[in-house]
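Quick note on labels: first sequence line is chain A, next is B, and so on, each numbered from 1. Remember, it's a predicted structure, so these values are computed and weren't measured experimentally.
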Amino acid sequence: MDNKSGTFWLEVEKKWQDAWGKENIFQAKEDPKKKKCYVLEMYPYPSASFLHVGHVRNYVIGDVFARFKRMSGFSVLYPMGYDSFGLPAETAAKKEGIHPRIYTEDSMKKIMGYQKALGNSYDWSRTLASHEPDYYKWNQFFFIKMLEKGLAYRKKAPVNWCETCQSVLANEEAEGGKCWRCQNEVVKRDMEQWFLKITDYADRLLADLDKIQWPERIKTMQRNWIGRKEWIDIDYKIDGAKESITVSTTRPDTNFGATFVVMAPEHPLLSKEKNLVPADRRKAVDDYIKLAQKKTDEERIAEGMKKTGVFTGLYCVNQLTKKKMPIWVTDFVLLNVGTGAVVGVPGHDIRDFEFAKEFGLPVIRVVVGKDGDKSEITKKEQVQEEEGTMINSGFLDGMNIHDATKKVMDYLEEKGWGRRTIRYKIRDWMISRQRYWGTPIPVVYCDKCGVVAAPEKELPVLLPEKVNFKVTGNPLATSEEFVNTKCPKCKGKAKRETDTMGGFVDSSWYFLRYCDNKNKTKPFDEKKVNYWVPVDQYIGGAEHAVMHLIYARFFVKVLKDFGYIKFDEPFQKLFNQGIVYKDGAKMSKSKGNVVFQTDISAKYGIDTARLFLMFVSSPDKQMEWSDEGIEGSSRIINRFFRVAEKIKSVKSDKKTISKLNMAIKEAGNNVDTFDYPKSIIAISDFLNYLDSLEVVPKDSFETLLKIVSPFCPHMAEEIWHELGNKSFVSIAEWPKFDEKLIDVQFEKIDSVIYSLRSDIIRVKQLAKLEKVTKVKLFVAPEWKWKALGIVQSVCKERPDFGAAMKALMADAEMKKRGGDVPTFLKTAMNRLSETSGLAKFDEVAVLNSAKPALEKEFGVVEIIKAEDSKEVKAKNAFPGKPALLIE
RNA sequence: GCAGGGGUUCCCGAGCGGUCAAAGGGGCAGGACUUAAGAUCCUGUGGCUUAGUGCCUUCGAGAGUUCGAAUCUCUUCCCCUGCACCA
């Protein structure tokens, strides 16, 4: 048969997509009788350009999962929507004069069209877009609730400012001092900003990571981001003054090696008001402070930077050593880390070492590392920061650094010199953005009443349509009618907040809105949300590991505390798909290595693309696109049509049934773990088998169509209907397999091993229960080692056997016999019976020809022989299963 | 440096104690079909050998555990991905 052409597919795809839509077969319903399954892909930013194969892959990963779950009897919610607020629309408005709303809605229409062409089983009736007032109204609603509870607040803070984007960025968006969007340098600026108190939830965000099944990598990233650490704040009394200086550290174990104290230039103790710095040092200190203030944090702590600082003229005493330590000021110490003062341990901290070298301060070794070097520390390479044993540290000597840390913390607390403190790295979530295209923050500033929230019934505070996009800065501030308003409290004149919320607010709860997307009076109906959420399977890119995924978790916890929902984690399971590469690089327009959805579907049809993308590598791995590779998938699809022509209404024979059950088992069992390639291999193996038959039984082929339908829904639907079926295969019941019908004799070696493994397990269990009184083991010579393995497994479970076996194995004579395997096994087994005194293994026999003996014993043994040795590859024929008889 | 994940036969990629010279796909070679291409289908694809078969070498490198290792342990080299003068 000829290949199906692109036009053929275009027609077929449209036909079934329309039919599915018309019958609403993918509509999600809350069905109390069924188990629910919420499958969710991270909602995309609506870009107007075509989907490339990387996008296709992402969407299809979810669709296969959703389709499989639906067929398996779950009530499935599988929605799609759009993260439609954001900078690109605003940039377009500035550049091309198109209104962001028009631009966005146009893009949405396009991307929706491309997505629909994939044939994904989304419930389109539940779609949403974050720029719609019906949606962002609830952002404002939640914001006001948080404001009432003190979870939202405004403060002046040094923030990350991106010149290019003319906006503030969250910490998460400015990692490494670069803007996550434009990659430009981020500068620090003091501005009034709105924050959400995510730090209040740091503990729960950390602890609850244990409740969810996420990739370890993502969890680790979140743990690092939250950065919970146990610190100890130690007070050192300043000589000749009432005040103490409080330093903070997570590593007090090395404090016997402390030789100085350093503090941040902004430290309050240095202020003129405190008047602690001796007069002769005052000028030097002030000059230094001025110098330091000109630098950004990044400059101050940049690697390889020469250490600078001045002596303050002050001293304090290290209680542990009773030694006097000079107090210095330096800019590598940051005020907002710990207490803004650090005890200098130059022997075991690179920064301290560099500082000590620079200013001739003493260096003491208190830790000996793996290398055993105990000499004086004079070189940077000798500075031991990790792992080691304490020396020169009084009562800590000989302990490893971790034990020493605990011990010294206890000691310091006991003496009243220090206090343990839990500190987190995570900072409050800054949500203000000086942009138009986002949710307006619903507050006004009144001269009399101060900050006043918009009353609930006035929500949403709508974005004004008419604004000037040509200005630098926030276009929203140009709308007089928006800015000038009345105070809801005193009805006097007031100004509206012109900052909008960052997009991560939108994406923190959109998955709740899908459950009830048309609700006009509430963000969602609690019952519906509690039915569907938590999301059972969330699918998306790993780039959201800390931002979106931590904010959404925070939001859900807050909403739970508010009593809206009953769960406290939004996403039970998380799956990160890999990126598709081509020519060694990510697909991007600028590199010109983009393969579009349409490039493939126009030639082979979208199902071929789906099959290829799911087949060629595991969805979590990155994959390299190859134009040649797709031919293989195309062949599989064509083979389906070819095999379908051989269909007759005949009964499937035993072998076919066995193979079919095998295929169902493999195809289904690998979906939950996203081992799609394995599923497809099982499917194509069975297809190839059917192809080898003269006549293909209809029932078996139809079952095959069911199991392939999640991957290639259009093809499956087309052939299904060609065969005269009236229903949709897309919502057919996933076939059940019967392990008993899978006859290992028909299967390949792999499966034999598999079944043998279950035998082993069974024997193990029985052995544990001490029910085994007799084990007869018949093996073909080919299986001798395997059989020995079984015996060993049993012995591990039964100490009485085990001892005997051990003795046996230690026997030199036996070792010698190792080469002669059948004899070895036979002797081993017999000896084992003797020495164990239990004689539990009897009639051990290694059969040179397995067949007759097995037949005699069990009656039913059939050994497949290559009917014609020329036709059947030797490796595919197998001589007989080892048999275990347990009495 | 820390944390997470990897290195498999020409390529991609499975396997994770014994039927493993290692699934599947691609590529390549040969064959069938065709006037010919294309498509499709079969066969082969580490080396040496046989009528079936057997033997040797191979899963980054080295060592170990085991009767037996691509699979387990240790050491080592390399690659990717996050985090980072966080005290």
Between [options], which one does the side chain of [X] approach most closely?
| X | options | result |
| --- | --- | --- |
| A:Lys425 | B:A3, B:C86, B:U40 | B:C86 |
| A:Met221 | B:A87, B:G4, B:G82 | B:G82 |
| A:Phe615 | B:A3, B:G25, B:A87 | B:G25 |
| A:Thr220 | B:U40, B:A87, B:A3 | B:A3 |

Between [N] and [M], how many Å separate the two [atom1] atoms, rounded to a whole number?
| N | M | atom1 | answer |
| --- | --- | --- | --- |
| B:U43 | B:C33 | C1' | 15 Å |
| B:U9 | B:G60 | C1' | 14 Å |
| B:A36 | B:C11 | C1' | 31 Å |
| B:G46 | B:C42 | C1' | 23 Å |
| B:G6 | B:A39 | P | 37 Å |
| B:G25 | B:A14 | C1' | 11 Å |
| B:G15 | B:C48 | P | 31 Å |
| B:A69 | B:C78 | P | 28 Å |

Is there a Watson-Crick or G-U wobble partner for [N] with both distances under 3.5 Å, and which nucleotide is it?
| N | result |
| --- | --- |
| B:A51 | none |
| B:C59 | none |
| B:C83 | B:G1 |
| B:U45 | B:G27 |
| B:U40 | B:A32 |

Kindly give the heavy-atom pair with the smallest separation between [X] and [Y], and that separation in Å.
| X | Y | result |
| --- | --- | --- |
| A:Val343 | A:Asp352 | O-OD2, 3.6 Å |
| A:Ser393 | A:Phe256 | O-CE1, 3.2 Å |
| A:Gly257 | A:Pro346 | O-CD, 3.8 Å |

- Residue closer to the 5' end of RNA chain B, A:Asp691 versus A:Ser684 (nearest nucleotide): A:Ser684

- Starting from the 5' end of RNA chain B, give me the residue, A:Val337 or A:Asn224, whose nearest nucleotide shows up first. A:Asn224

Could you tell me how far apart [X] ([atom1]) and [N] ([atom2]) are, to the nearest whole angstrom?
| X | N | atom1 | atom2 | answer |
| --- | --- | --- | --- | --- |
| A:Ile681 | B:G24 | CD1 | C1' | 4 Å |
| A:Asp349 | B:G1 | CG | P | 17 Å |
| A:Lys678 | B:G24 | NZ | P | 15 Å |
| A:Asp675 | B:G15 | CG | C1' | 12 Å |
| A:His267 | B:A87 | NE2 | C1' | 14 Å |
| A:Asn688 | B:U40 | CG | P | 14 Å |
| A:Leu687 | B:G24 | CG | P | 14 Å |
| A:Tyr676 | B:A14 | OH | C1' | 18 Å |

- Does a salt bridge link A:Arg419 with A:Asp235, judged by any charged N lying under 4.0 Å from a carboxylate O?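 Between A:Asp235 and A:Arg419 there is a salt bridge, with a charged N closer than 4.0 Å to a carboxylate O.
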
- Query: Does A:Asp691 come within less than 4.0 Å of A:Lys646, counting only side-chain N to carboxylate O?
  - Reply: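 Salt bridge: yes.
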
NA contact type, [X], heavy-atom cut-off 4.0 Å: base, sugar-phosphate, or nothing?
| X | result |
| --- | --- |
| A:Arg223 | nothing |
| A:Arg423 | nothing |
| A:Phe612 | nothing |

Hey, is the side chain of [X] poking within less than 4.0 Å of OP1 or OP2 on [N], counting only N and O atoms?
| X | N | value |
| --- | --- | --- |
| A:Lys219 | B:A3 | no |
| A:Arg642 | B:U40 | no |
| A:Thr250 | B:A87 | yes |
| A:Lys229 | B:A87 | yes |

- Message: Are there over 12 heavy-atom neighbours, none belonging to A:Lys406, within less than 6.0 Å of that residue's NZ?
- Response: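 No, NZ of A:Lys406 has 12 or fewer neighbouring heavy atoms, counting only those of other groups under 6.0 Å.
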
- Message: Classify the ring geometry of A:His548 against A:His544: parallel below 30°, tilted from 30° to 60°, perpendicular beyond 60°.
- Response: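 Ring orientation, 0 to 90° scale: perpendicular.
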
- Would A:Phe359 and A:Phe260 count as a close aromatic pair, with their ring centres under 6.0 Å?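 Between A:Phe260 and A:Phe359, which both carry aromatic rings, the centre distance is not below 6.0 Å.
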
